[in-house]
Amino acid sequence: MTSFIPRQNVKFNKRLVNIEQLSSKLVLTFADGEVAEASILAGADGIKSIVREHVLKPQFPDQVAPVYADAYCYRAVIPMADAEAILRDLTDVAKFYFGHRRSAVTYRISEGKVSQDPCPRPTKRPRTYRYFSQEFNYLLCVTDGQGWDLDKSVTEKVSHEAMMADFEGPGVDDRFRQLLAKANPIRWGFFHHLRTSTYYRGRVALLGDSAHASLPFQAAGAAQGVEDALVLSNILSELAKSSKEEANSEANIVAGLSAYDSVRRPRAQKQLEQAAEVARMLFFQHEEAGDDMGKILPRLQQGRFDWLWFHDVQGDVDKALSRMQKPDLA
Amino acid sequence: MDLIEPGFRPLYEKICVGNKGADKQDIFFEGMLLSEGLGMELSFATSLLAEPIVNLLLQAKTKHGMASRRGAILISSASLYVLQVIAINTSIAN
């Protein structure tokens, strides 16, 4: 997908360290000393985001840091043959395994396709082929309520014995212990941005994980980032149609980013709240359903995902553009 | 993705991995238990799921067209495998 982005527009190995908002522009300072000026900053810099800090800290300082979701997981990708030796045809379809304090998520991630080298012809180089082996991905999840001690890292290396101890005892099918034994003993903490009161401040907007980092249990977090990109790119494109002076006007930019926020934030926040609810169901900790599968299952059906999967995203674009042009009616 | 750049989708489809089996592509995930036996011995799923599956298909057909059945969610114990196949590949004509 990066083939669609002009190479000269991308700079790697840059770390933004300061953002200054002036009435006519932004001044961005990078760790290597470079200073850049811009009209707008769109921060897609991940869950631990300096752009998020800039947007939220003045008014909502308690919303800047990622929130630990009282759970972590061990992750692994193994050859499909190894997975089938343990789970047989349970590897065919993506699965959630519900349990007390522990749960699992499994799915296939590669199909063993042979792919042609994308190098365009004519070339003297012989065409080459790459083989992607069949692979199986899984997360073995634990909730413990003990908090997360590490301030800087979202992972924690533990001993093999400590990892295995997490899935000891009754309530766990032995097949999961066999899977666990193949994982690296690294705990991946589950963090999210549960509360976010705005996705923009002045000339600066958030998108992707910096705006709405989510738990993975609806497999929908990345798609929300794509929706951000769609709406925001249309806003920016509309701004760019006006004269240079108008496009750089703080009032016009704020109207555009406010429209983006008003359309995207309710939907993205709802997604991450629902993903957190799925986590509570997976661990039998849901406030109403508890460990009653008879109450859990209906909550995951009956159109739960319709609003997410069958949404009119072009309608969102139209709504945002309309609100940008008539902010008083929003 | 199409709305951002029409060229994205073919590239995405090239690397996208679904479930195994053509008749399993519409399933988002199946739910089972972590405990010994994975819940296969339980019968809760059969009685609970029959109606929701029908509801889900009806919604898909009336609100969004047949294409929207992609991604339909099914939760089952192993005893429901037969139900899944029926639900996914059946369209209500009348």
Side-chain angles (χ1 to χ4, degrees), chain A residues 1 3-4 80 89-100 102-111 113 115 132 134-135 137 140 167 170-176 218-219 223 226 229-230 233-234 281-282 292-294 296-298 300-306 308-310 313-314 317, chain B residues 1-12 14-21 23-40 42 44-45 47-49 51-56 58-60 63-65 67-78 81 84:
Chain A
M1 289 185 180
S3 65
F4 293 99
M80 190 59 69
D89 63 357
L90 294 175
T91 58
D92 288 357
V93 176
K95 296 270 197 295
F96 281 4
Y97 295 92
F98 296 76
H100 284 284
R102 294 161 291 195
S103 64
V105 179
T106 69
Y107 50 94
R108 309 167 72 85
I109 60 165
S110 53
E111 288 187 301
K113 285 178 181 169
S115 156
F132 296 95
Q134 289 191 330
E135 291 174 314
N137 182 69
L140 295 164
F167 280 77
V172 178
D173 191 282
D174 191 57
R175 283 168 278 192
F176 295 107
Q218 291 195 133
V226 175
L230 174 68
S233 61
N234 275 274
M281 287 191 261
L282 267 176
D292 184 345
M293 289 301 288
I296 290 173
L297 294 180
L300 290 169
Q301 296 184 298
Q302 298 166 329
R304 177 190 179 89
F305 296 90
D306 281 6
L308 192 58
W309 292 341
F310 307 127
V313 289
Q314 181 60 55
V317 170
Chain B
M1 282 197 294
D2 289 342
L3 292 171
I4 292 175
E5 166 57 61
F8 278 164
R9 182 182 287 273
L11 295 172
Y12 170 74
K14 212 165 153 183
I15 59 166
C16 177
V17 176
N19 297 317
K20 184 178 180 182
D23 61 334
K24 300 289 199 302
Q25 297 309 304
D26 289 343
I27 301 173
F28 178 35
F29 70 83
E30 294 174 337
M32 302 181 78
L33 297 183
L34 192 81
S35 56
E36 296 84 349
L38 311 180
M40 287 187 187
L42 302 177
F44 58 77
S47 59
L48 281 167
L49 290 183
E51 188 174 342
I53 285 176
V54 172
N55 286 344
L56 189 142
L58 285 173
Q59 285 176 12
K63 282 165 59 180
H64 312 291
S68 67
R69 287 195 296 162
R70 181 181 172 85
I73 179 173
L74 292 173
I75 302 180
S76 72
S77 73
Y81 286 165
Q84 291 169 15

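What's counted below: heavy atoms across the whole structure, side chains too, no hydrogens, waters or symmetry copies. Order of the sequence lines fixes the chain letters, A, B, ..., with proteins taken first and strands second; residue numbering starts at 1 for each chain. It should be emphasised that the depicted structure is a prediction, and the values quoted were computed from it without experimental measurement.
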Out of curiosity, Lys95(A) NZ to Leu34(B) CG, how far, rounded to the nearest 0.5 Å?
14.0 Å
Between Phe29(B) and Phe96(A), what is the ring plane arrangement, given parallel below 30°, perpendicular above 60°, and tilted in between?
parallel
Nearest heavy-atom pair of Val93(A) and Asn19(B): which atoms, and what distance?
CA-OD1, 3.3 Å
Answer yes if the ring centres of Phe4(A) and Phe8(B) are under 6.0 angstrom apart, and no otherwise.
yes
For Ser103(A), which atoms come within 4.5 Å of any heavy atom of chain B: side chain, backbone, both, or neither?
backbone
Applying a strict 4.5 Å limit to non-hydrogen atoms, the region of Phe167(A) in contact with chain B is side chain
State the CG-CG distance between Leu3(B) and Asn234(A), to the nearest 0.5 angstrom.
8.0 Å
Over all heavy atoms of both residues, which pair between Ile4(B) and Ala229(A) is shortest? Give the atoms and the distance, please.
CD1-CB, 4.1 Å
Using every non-hydrogen atom in the two residues, find where Tyr97(A) and Leu33(B) come nearest and quote the distance to one decimal.
CD2-O, 3.5 Å
Smallest separation among heavy atoms of Arg108(A) and Val17(B), with atom names:
O-CG1, 3.7 Å
Tell me if a side-chain donor or acceptor on Glu36(B) pairs with a main-chain N or O of Gly171(A) at a distance below 3.5 Å.
yes
